[in-house]
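Written below as structure tokens is the structure these notes are about.
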There are 2 protein chains.
Amino acid sequence: MNKTILLKNRPKGRPSTSDFAFIEEEKPAPKEGELLLKAKYVSVDPYLRGRMRDTKSYIEPFKLDEPVESGIVAEVIESNNSNFEKGDFVNGMLQWKQYQTSSGNGLNKVNKETAPLSAYLGVLGLTGITAYLGLEKIGNLKEGETLVVSGASGAVGSIVGQIGKIKGCNVIGIAGSDEKIKTIKDKFGFDEGINYKTTQDMSKALKKHCPDGIDVYFDNVGGEILDAVMNNINKYGRVINCGAISLYNESETPTGPRHEGTLIKKSVRMQGFTVRDFVKEFGPAISQLSTWLNEGKITFSETIVEGFDQIPQAFLDLFDGKNKGKMLVKVY
Amino acid sequence: MNKTILLKNRPKGRPSTSDFAFIEEEKPAPKEGELLLKAKYVSVDPYLRGRMRDTKSYIEPFKLDEPVESGIVAEVIESNNSNFEKGDFVNGMLQWKQYQTSSGNGLNKVNKETAPLSAYLGVLGLTGITAYLGLEKIGNLKEGETLVVSGASGAVGSIVGQIGKIKGCNVIGIAGSDEKIKTIKDKFGFDEGINYKTTQDMSKALKKHCPDGIDVYFDNVGGEILDAVMNNINKYGRVINCGAISLYNESETPTGPRHEGTLIKKSVRMQGFTVRDFVKEFGPAISQLSTWLNEGKITFSETIVEGFDQIPQAFLDLFDGKNKGKMLVKVY
């Protein structure tokens, strides 16, 4: 039999396990030209919360009573498609199913020998590419600048900080526990870290650690931390608006201080960044990230939860910051 | 004798005439290498409010008990400087004085035959250059796009809209009276106008006039009108944050809906724009604006108040929207 996870309700505020339903179906048979895939690793990501809303965004909303999908590394179990062989591993946007068929469109073969399979959902997948292209295409980060990253110990943030160090920047990370702060400094080489949960005045803390002000802010969280950064932003500062996890579960329109004045006074640019806008740059990005990975210049963290049934809970745990680095579910 | 206007108090909230003081001094005598200038036209501009605050901004704050300065067209009355002759007209940042001396640094000669003297403080001065370079350097406005401008009947806004029409865009202006709306449509050729003072739901009104959404917003006002635009912004939309007059007189930190979510969902860019960052582009900008002016492709409005003593009141009147187009004081 074949377990599948459907979106049952559009979450109001914080999602819960009751927003998902498990069903069992027959294992499908691949038609002519199709593959049969068995899921190996399933990526759970904050942006999926956005797709659970019934509103227009950069990507289509999920349909109710249909399978959720996310980045998945799968094994080819049967192939009726000459581009793939049984035993190949592939990476792509796939459904939360143990087994599924695919035409092969949109799938990339991944090499188990070059990097562990899970890395293709992390540092060599959308999260690593997001870090790299966000800094390159939006941040325009230059040597010697001060870079601040929120969600610093997370999948994207930890790579952002390491790229900042490769570029010779002063890198300050913001995260939600002392353990995470220790990790970003000891494991990822950040210059300083700020635990926003135990810091009374974030503006003051940023001022202390960024004596020359902030040139680039890679924002994964939005909200009050963004406000504190804006109080310390430099002339010609750039904000990469990549995520706003602090706001995703708000049911009412979130409010806060207006930033128009700061944008004008300091010629600051705030720019929304969605990695899907830069699909043509994925190849060079993966190539650069692979080089750094092989040279030992970047490392990565994963929180790997085991068991297909744990996928919804692993997704919910993202909003409690329970992951260290990329959150994945190993499903075989 | 020589009248001079000093900044007496840093305004709290809305400025008033009591924030300024008039004194009379001896008419100065130019030293070796200096000019004696007589003010002809004095520009009053919303951004001067920012310089009255004692906070760091893109330009130094005014000092208390010293003369205010702004863009002024003056006549050379005496010259001890071989670059200027008696009878020349010059344009530059000068003090609110009837007569003043200058080394000539930072002054540009202007030609009375090419355009009226007052135009050098408007369409061929910083306001015209602001409109042109804001659209070019930040807005990246393209043919066929939808352009929205606030402060549409003002000095900058009226030029912005006309450039939008030259570029073949759908141009919607926002202003604060039916008379101004009539002006932007009849005189400046905007496609549509919205009177924000009599419009209950700005988001809805923008939706009606921008059926294809908003690609570029030239923001002179900030605040709730910006919020309404953000509700209608297109994927890859650009906001030129040029002014925030709706917030300048607020004494507490203004708050409003957070825009991080929209920036991310729609890959939108909001960017603060200060024309002084593009000084090297002034020459080509003035050249293009002069060409359009001579070809009759752009026209301009001025509100000219007469009398040196009226300078502070003319400045205050900006915040009531009493001007149509560029607000100037004729002082001779």
Give, as side chain, backbone, both or neither, the part of A:Ile240 having an atom under 4.5 angstrom from any heavy atom of chain B.
neither
Is any side-chain heavy atom of A:Leu263 closer than 4.5 Å to one of B:Phe273?
no
Can a salt bridge be assigned to the pair B:Arg258 and A:Asp227 using a cut-off of 4.0 Å between side-chain N and carboxylate O?
yes
For A:Ile264 against B:Asn241, the heavy-atom pair lying closest together
CG1-O, 3.2 Å
Which residues, numbered in order, of residues 212-224 of chain A come under 4.5 angstrom of chain B by heavy-atom distance?
A:Gly222, A:Gly223, A:Glu224
Does NZ in A:Lys208 sit with more than 12 non-hydrogen atoms of other residues, nucleotides or ligands closer than 6.0 Å?
no
Within 6.0 Å of NZ in A:Lys204, more than 12 heavy atoms from elsewhere:
no
In Å, rounded to the nearest 0.5 Å, how long is the span from CE of B:Met270 to CD of A:Gln271?
12.0 Å
Taking B:Thr274 for the side chain and A:Lys265 for the main chain, is one N or O donor matched with an acceptor at less than 3.5 Å?
no
Out of A:Gly261, A:Cys242, A:Gly243, A:Gly256, which one racks up the most heavy-atom pairs below 4.5 Å with chain B?
A:Gly256
